[in-house]
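Here's the structure, in structure tokens; my notes come after.
No experiment lies behind these values; they were computed from the predicted model shown. Computed from heavy atoms alone, side chains included, the values below leave out hydrogens, waters and symmetry copies. Residue numbers start at 1 and run along the sequence shown.
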Amino acid sequence: MNRSLYQINTRVFLSSLGRGATLDDIPDSFLDQLASKGFDWVWLLGVWQVGPTGRFLSRTLPEWRKEYAQVLPDLSDADIAGSPFAVVGYHVDQAIGGDRALAQLRERLHKRGIKLMLDFVPNHVGHDHPWTSSHPEFFFQGTQADLQRDPRRWVQAPSGGIFALGRDPNFPGWPDTLQLNYFSGALREAMLDELLSVGRRCDGVRCDMAMLLEPEVFSRTWGELRGAGDEAPPSFWPNAISAVRAEHPEFLFLAEVYWNYEWKLLEHGFDYAYDKTLYDRLMSLRAKEVHEHLIAPLSFQSRMARFLENHDEPRVASRLPVAAHKAAAALTYLAPGLRFFFDGQLEGRRTRVPVHLNRAPKEKAHAEISDFYKLLLPIVQSLPCRVGAWNLLDPRPAWEGNPTHQNYLCYLIEHPLDHLLLVVNYASYRGQCSVRLPHRGWLDGTVELRDRISRDRLRQSSNELQSKGLFVDLPEWGMHLFSLECL
């Protein structure tokens, strides 16, 4: 089944409810709206404890403050809460209600048939984490000479120890984090305990930068600091996922993953993996490459998390023209997998809020985008689009010498309640194609094609649709979403 996920930046959302709002203040009416829109999951970003050093760094680093000020011209320190990825404890921040408020919110979600997803940040922690005093061996420890030689890699924590900053292999360290040492078996056991504690508070986790724990990635990044007694690090995930599922058999794991590690993490036991490739190709307006990506087997496609934005990416309304946004949304959310939406996307918000902030600027909903999602979302959440058989069709030239069919993307979704045909001209200019339908037992006689977007109707014989194909002529970013009914 194709499920749907709604991500909320918790601190920003709560600030919109009023100063000092907690999880208890999230109104039932809002949860009712999420349920009425058919969402299966809510991901609350940023509920865990952030330490004072993380907040201090977020408030004082000039390059970060410059970014904040572009979003909030009236910025104050009170707007800067620190990065939710500089976790110092997997307990819900008391400022938003603590563990009790989260448990009650989870119960309210469950009453509406919605499951709760939270963050797990496996690669690094915040500077104030108690392990810096109690278990400094869980980190890569350095010297004053290391700190003086490379301050972009090392930092002195409040505990007094000098530790490596958390990072991935391609960039300098994240200034507000400390790297965990997965060469250490004791650290791996401690992080498993942390994950198990998270698993008791929610129904699934989104695992931050999950591929950084893969042995070859971790060794490439940190192998030079491996100690003589350190074990070679096996992948953390297979054992960890099995341990959580031993307690919670239906627990869901979503991997934030890049660098072509998607399938490997799925093999480790993740239910879904980010589909950044589809996102990048849609944002780059490369229809042919989108088609090539979607040729992959359904066993892979159905486990991709499809998104147009999240807290890391720019708002799609700021990146694409409205018509292209609509086309990209239809292509993203009518493909199989986990349909992943971000709070504000359905209203067409344009401002990406840095995760360090707890307030967003006020924005009016974009009427055309909002109206489109009101039309698209019920179709995406319908039973045919959740469990129907999905097929990628090959658009053909409308006539010899016309190459514009290469800009088309076509899906057929089959289900006894509704057969849907999506045809999109994913290009900035008009184009034509022919769409030939496959031979099916249900496709017989005269077929009425009713466009769910424009409400237009046309009729064509099933023989023609399966032999000559349906001729399509669409303007830039144009689309048809037909319901097919045999008369």
Side-chain angles (χ1 to χ4, degrees), residues 3-14 22-26 30-31 34 39-51 54 81-126 129 177 191-210 213 236-237 240-241 243-245 247-257 265 269-274 305 307 310-312 338 340-343 355 358:
R3 310 177 205 184
S4 58
L5 168 71
Y6 193 84
Q7 182 193 0
I8 296 172
N9 185 328
T10 307
R11 298 179 304 192
V12 170
F13 181 82
L14 292 179
T22 72
L23 298 174
D24 288 329
D25 297 309
I26 296 177
F30 175 72
L31 303 183
L34 293 178
F39 287 105
D40 304 287
W41 287 84
V42 166
W43 166 22
L44 293 182
L45 166 71
V47 303
W48 306 123
Q49 292 177 332
V50 175
S83 169
F85 301 106
V87 174
V88 299
Y90 283 102
H91 297 281
V92 179
D93 194 325
Q94 288 298 323
I96 64 171
D99 289 338
R100 176 204 54 79
L102 180 73
Q104 291 185 354
L105 176 61
R106 183 185 182 191
E107 185 176 340
R108 288 197 285 154
L109 288 167
H110 283 183
K111 287 179 179 178
R112 293 162 173 83
I114 301 173
K115 294 184 178 181
L116 175 64
M117 180 178 290
L118 299 176
D119 307 301
F120 181 62
V121 186
N123 185 67
H124 47 265
V125 297
H129 198 287
T177 70
M191 286 303 290
L192 175 56
D193 288 341
E194 294 284 67
L195 179 57
L196 287 167
S197 75
V198 173
R200 298 176 190 119
R201 293 177 171 87
C202 59
D203 307 294
V205 285
R206 178 266 192 186
C207 297
D208 183 69
M209 298 289 281
L213 274 56
F236 174 75
W237 297 116
I241 291 172
V244 173
R245 290 210 175 113
E247 289 190 9
H248 313 286
E250 296 185 1
F251 200 84
L252 186 141
F253 284 85
L254 167 62
E256 180 196 18
V257 54
L265 290 181
F270 278 91
D271 296 277
Y272 296 103
Y274 271 36
F307 58 88
N310 55 54
H311 65 275
D312 284 321
L338 179 68
F340 174 0
F341 297 82
F342 189 34
D343 189 39
V355 293
N358 60 17

Practice prompt. Report the C-alpha distance between Val205 and Leu254 in whole Å, list the side-chain angles of each, state the deciding distance to 0.1 Å, and finish with yes or no for side-chain contact (heavy atoms from CB on, under 4.5 Å).
Written response: CA-CA 6 Å; Val205 285; Leu254 167 62; over 6 Å; no
Practice prompt. Please report the shortest heavy-atom distance between Phe120 and Phe236, naming the atom on each side.
Written response: CE2-CE2, 4.2 Å
Worksheet item: Val87 and His129: which non-hydrogen atoms are nearest, and at how many Å?
Response: O-CD2, 3.9 Å
Listed pairs under 3.5 Å, donor-acceptor, residues 94-101 side chains, sequence neighbours left out:
| from | atom 1 | to | atom 2 | distance (Å) |
| --- | --- | --- | --- | --- |
| Asp99 | OD1 | Val92 | N | 2.9 |
| Asp99 | OD1 | Arg201 | NE | 3.4 |
| Asp99 | OD2 | His91 | ND1 | 3.3 |
| Asp99 | OD2 | Arg201 | NH2 | 3.3 |
| Arg100 | NH1 | Asp24 | OD2 | 3.2 |
| Arg100 | NH1 | Gln104 | OE1 | 3.1 |
| Arg100 | NH2 | Asp24 | OD2 | 2.6 |

Worksheet item: So which heavy atom on Val50 is nearest to which on Ala81, and how close?
Response: CG1-O, 4.0 Å
Response to the item:
Applying ring-ring contact (aromatic ring centres under 6.0 Å, His included) to Phe307 and not counting sequence neighbours gives Tyr274, Tyr279, Phe340
Worksheet item: Taking it one step at a time, do Tyr6 and Phe39 satisfy ring-ring contact (aromatic ring centres under 6.0 Å, His included)?
Response: CA-CA 7 Å; Tyr6 193 84; Phe39 287 105; 5.0 Å; yes
Worksheet item: side chain to side chain contact (heavy atoms under 4.5 Å, CB included) with Asp203: which residues, sequence neighbours excluded?
Response: Trp41, Arg106, His110, Lys115, Leu116
Fill in: Closest heavy-atom pair and its distance - Asn310, Asp312
OD1-N, 2.8 Å
Fill in: Test side chain to side chain donor-acceptor pair (under 3.5 Å) applied to Asn9 - qualifying residues, sequence neighbours left out
none
Item to complete: May I have the step-by-step check of side-chain contact (heavy atoms from CB on, under 4.5 Å) for Leu118 and Tyr90, ending in yes or no?
Response: CA-CA 10 Å; Leu118 299 176; Tyr90 283 102; over 6 Å; no
Practice prompt. Hey, could you give me the CZ/CD1 distance between Phe13 and Ile8, rounded to the nearest 0.5 Å?
Written response: 5.5 Å
Worksheet item: Roughly how far apart are Leu34 CG and Phe341 CZ, rounded to 0.5 Å?
Response: 12.0 Å
Worksheet entry | Those residues that, when tested against Asp208, pass side chain to side chain contact (heavy atoms under 4.5 Å, CB included) (two or more places apart) | Phe85, Val121, Pro122, His124, Arg206, Glu256
Worksheet item: Should Leu14 and Leu23 be marked as a side-chain contact (heavy atoms from CB on, under 4.5 Å) after you check the CA-CA gap, both sets of side-chain angles, and the distance that decides it?
Response: CA-CA 7 Å; Leu14 292 179; Leu23 298 174; 4.2 Å; yes
Fill in: Residues which pass side chain to side chain donor-acceptor pair (under 3.5 Å) with Trp237, listed by chain and number, not counting sequence neighbours
none
Practice prompt. Can you sort out the partners of Val88 under side chain to side chain contact (heavy atoms under 4.5 Å, CB included), two or more places apart, ordered by chain and number?
Written response: Gln49, Asp128
Worksheet item: At what distance, to the nearest 0.5 angstrom, does CD of Gln7 lie from CG of Leu45?
Response: 5.5 Å
Worksheet item: Considering all heavy atoms of both residues, which atom of Arg11 and which atom of Pro84 are nearest to each other, and what is their separation?
Response: NH2-CD, 3.2 Å
Discussion item. ring-ring contact (aromatic ring centres under 6.0 Å, His included) for Phe251 and Phe253? Distances and angles first, verdict last.
Written reply: CA-CA 7 Å; Phe251 200 84; Phe253 284 85; 5.3 Å; yes
Worksheet, complete the sentence: Rounded to the nearest 0.5 angstrom, the CG-CG distance for Asp40 and Leu338 is 8.5 Å
Discussion item. What's the separation between atom CD1 in Ile241 and atom CG in Leu265, rounded to the nearest 0.5 Å?
Written reply: 8.0 Å
Fill in: Contact check, side chains of Val244 and Leu195, non-hydrogen atoms, under 4.5 Å
yes
Practice prompt. Check salt bridge (Lys or Arg N to Asp or Glu O under 4.0 Å) between Asp93 and all other residues, then give those that pass, not counting sequence neighbours.
Written response: none
Practice prompt. Would you sort out whether Met117 and Leu44 count as a side-chain contact (heavy atoms from CB on, under 4.5 Å), showing the intermediate values?
Written response: CA-CA 6 Å; Met117 180 178 290; Leu44 293 182; over 6 Å; no
Worksheet, complete the sentence: side chain to side chain donor-acceptor pair (under 3.5 Å) filter on Asp119, not counting sequence neighbours, yields Trp43
Worksheet item: Which residues satisfy the side chain to side chain donor-acceptor pair (under 3.5 Å) test with Asn358, sequence neighbours excluded?
Response: none
Worksheet item: Atom CG of Leu102 and atom SG of Cys202: how far apart are they, to the nearest 0.5 Å?
Response: 8.0 Å
Worksheet entry | Results of side chain to side chain contact (heavy atoms under 4.5 Å, CB included) for Glu247 - residues two or more places apart only | Leu196, Arg200
Worksheet entry | salt bridge (Lys or Arg N to Asp or Glu O under 4.0 Å) involving Arg245 - partner list, sequence neighbours excluded | Asp271
